[in-house]
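Here the structure comes first, spelled out in structure tokens, and everything after it is commentary.
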Amino acid sequence: MNIQEWLQADDVVWIAHRGAKSECPENTLPAFTRAVAMGADMIELDVRSAGDGSLIVLHDATLERTTNGQGAVSDMTLAQIRQYDAGAWFDQRFQGTVIPTLDEVLVTLPHTCLNIELKTGPAERTHALVRSVLGCIYRHGAAGRVLLSSFDHTALAAVRSLDPTIALGALFVGRLWPPFDLAETLRLDSLHPDVEHLDPHFVAQAKARGYAVFAWTVRSKEALALCLQAGVSGVILDDLTYKQTASSSV
């Protein structure tokens, strides 16, 4: 099933936030492969540019929180970033794990649908990031299984100007107003509201207009229940065991 089919599916899409981050260090190959093993329908991951233009999978702009290194990755080359351990902070079992590149993720997960969140910096670098990400996706023939998303809606506009068909989703906090102007302008495929501001009326309206609605980030069973009651198309969640719990309760 390609990404467009997932976006229009009647069943809830279970999206692993930064991989199986409750069991493995986030945004690493172990987290992604574990998420697949746990039955994730899609994996959400973050991509940003290193100082040499390499596409790395990392949420933060700096290394401190998820590695034993320090400093802004935009000031470092990939080789410098790879010197640091991205796994031991989570558990010693993952010692030696490194920050992966987008290329490595696409090679490791050749059949998995991916929600790639674009982490942008200064405006002048946004187009370079977008071009690099699209180029990487094309090299791996992965356009049919990738959804690109971002809080930076100018980055989404840059993607759409270069590719009229790749799946796009807008992340946002609170509520969009007017609610669907952005989606219509950028020809979006999905809208990604935060759980705290989830509005069942908006969900119903969006789905009626053909947009998938993916709620982020589910971190409790209570939040999951609210999302399911609101009729969302999918949930971006930290703990994939919630999927088994929800399935067993149906």
Side-chain angles (χ1 to χ4, degrees), residues 14-36 40 42-78 80-91 94 97-106 108-109 112-122 125-126 128-130 132-133 136-137 146-153 155-156 159 169-173 192-196 214-219 234-240:
W14 298 86
I15 306 167
H17 186 225
R18 306 178 202 168
K21 71 188 293 283
S22 66
E23 299 195 8
C24 305
E26 66 177 59
N27 275 327
T28 63
L29 295 182
F32 300 148
T33 55
R34 179 57 180 156
V36 172
M42 189 185 300
I43 293 173
E44 187 269 355
L45 55 94
D46 304 286
V47 170
R48 63 174 64 251
S49 292
D52 60 0
S54 299
L55 296 176
I56 61 169
V57 179
L58 183 69
H59 178 273
D60 297 5
T62 60
L63 294 172
E64 283 83 351
R65 185 175 64 86
T66 57
T67 79
N68 61 349
Q70 293 183 335
V73 296
S74 61
D75 296 331
M76 303 179 191
T77 65
L78 177 61
Q80 291 172 319
I81 293 167
R82 297 281 225 178
Q83 295 176 11
Y84 301 111
D85 190 301
W89 68 272
F90 185 89
D91 191 289
F94 298 103
T97 300
V98 295
I99 292 173
T101 63
L102 182 57
D103 273 300
E104 289 170 337
V105 173
L106 291 169
T108 301
L109 305 174
T112 303
C113 287
L114 302 175
N115 173 190
I116 299 174
E117 181 181 340
L118 302 174
K119 291 294 188 181
T120 60
R125 296 184 181 179
T126 296
L129 172 67
V130 165
S132 294
V133 170
C136 185
I137 291 168
V146 164
L147 167 67
L148 294 177
S149 66
S150 187
F151 286 101
D152 184 347
H153 300 159
L156 298 181
V159 174
L171 284 151
F172 58 95
V173 176
H192 303 204
D194 64 298
V195 169
E196 287 77 11
F214 294 150
W216 64 274
T217 299
V218 173
R219 295 192 171 97
V235 290
I236 301 172
L237 72 169
D238 285 347
D239 190 342
L240 283 166

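Side chains are part of it too, since the values below use all heavy atoms of this structure and drop only hydrogens, waters and symmetry mates.
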Any non-hydrogen side-chain atom of [X] less than 4.5 Å from a side-chain atom of [Y]?
X      : Y      : value
Asp103 : Leu55  : no
Val105 : Leu29  : yes
Glu117 : Phe151 : yes
Leu147 : Phe214 : yes
Leu45  : Ile116 : yes
Leu118 : Val159 : yes

Polar side-chain atom of [X] near backbone of [Y] as donor-acceptor pair, under 3.5 Å:
X      : Y      : result
His153 : Leu171 : yes
Glu44  : Ala16  : no
Glu64  : Gly71  : yes
Asp239 : Ser22  : no
Thr67  : Leu63  : yes
Asp60  : Thr62  : no
Trp14  : Leu240 : no

Could you go through Ile99 and Asn27, starting from their C-alpha distance and side-chain angles, then the distance that decides it, and tell me whether this counts as side-chain contact (heavy atoms from CB on, under 4.5 Å)? CA-CA 8 Å; Ile99 292 173; Asn27 275 327; over 6 Å; no
Working to the nearest 0.5 Å, report the span between [atom1] of [X] and [atom2] of [Y].
X      : Y      : atom1 : atom2 : result
Asp46  : Ser150 : CG    : OG    : 10.0 Å
Lys21  : Asp238 : NZ    : CG    : 4.0 Å
Thr101 : Leu78  : OG1   : CG    : 7.0 Å
Ile81  : Leu58  : CD1   : CG    : 7.5 Å
Asn115 : His17  : CG    : NE2   : 9.0 Å

Step by step, would you call His59 with Thr66 a side-chain contact (heavy atoms from CB on, under 4.5 Å)? CA-CA 9 Å; His59 178 273; Thr66 57; over 6 Å; no
So, using salt bridge (Lys or Arg N to Asp or Glu O under 4.0 Å) as the criterion, who are the partners of Arg48 when residues are at least two apart?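 Expected list: none.
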Stepwise, does the side-chain contact (heavy atoms from CB on, under 4.5 Å) test hold for Thr112 with Phe32? CA-CA 10 Å; Thr112 303; Phe32 300 148; over 6 Å; no
Is there a donor in the side chain of Asp52 and an acceptor in the side chain of Ser54, or the other way round, less than 3.5 Å apart?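 There is such a pair between these side chains.
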Looking at every heavy atom in both [X] and [Y], which two are closest together, and how far apart are they?
X      : Y      : value
Met76  : Gln80  : CA-OE1, 3.2 Å
Asp194 : Val173 : OD1-CA, 3.4 Å
Asn68  : Asp85  : OD1-N, 2.8 Å
Cys24  : Pro30  : SG-O, 3.7 Å
Ala31  : Arg18  : CB-O, 3.8 Å
Ala155 : Thr120 : CB-CG2, 3.8 Å

Any salt bridge linking Arg65 with Glu26? Criterion: basic side-chain nitrogen under 4.0 Å from a carboxylate oxygen.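 Here Arg65 pairs with Glu26 in a salt bridge, since their nearest N and O are under 4.0 Å apart.
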Counting only heavy atoms not in Gln70, do more than 12 fall under 6.0 Å of its CD?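 Check fails, neighbour count at 12 or below.
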Can Trp216 and Ile15 be said to form a side-chain contact (heavy atoms from CB on, under 4.5 Å), step by step? CA-CA 10 Å; Trp216 64 274; Ile15 306 167; over 6 Å; no
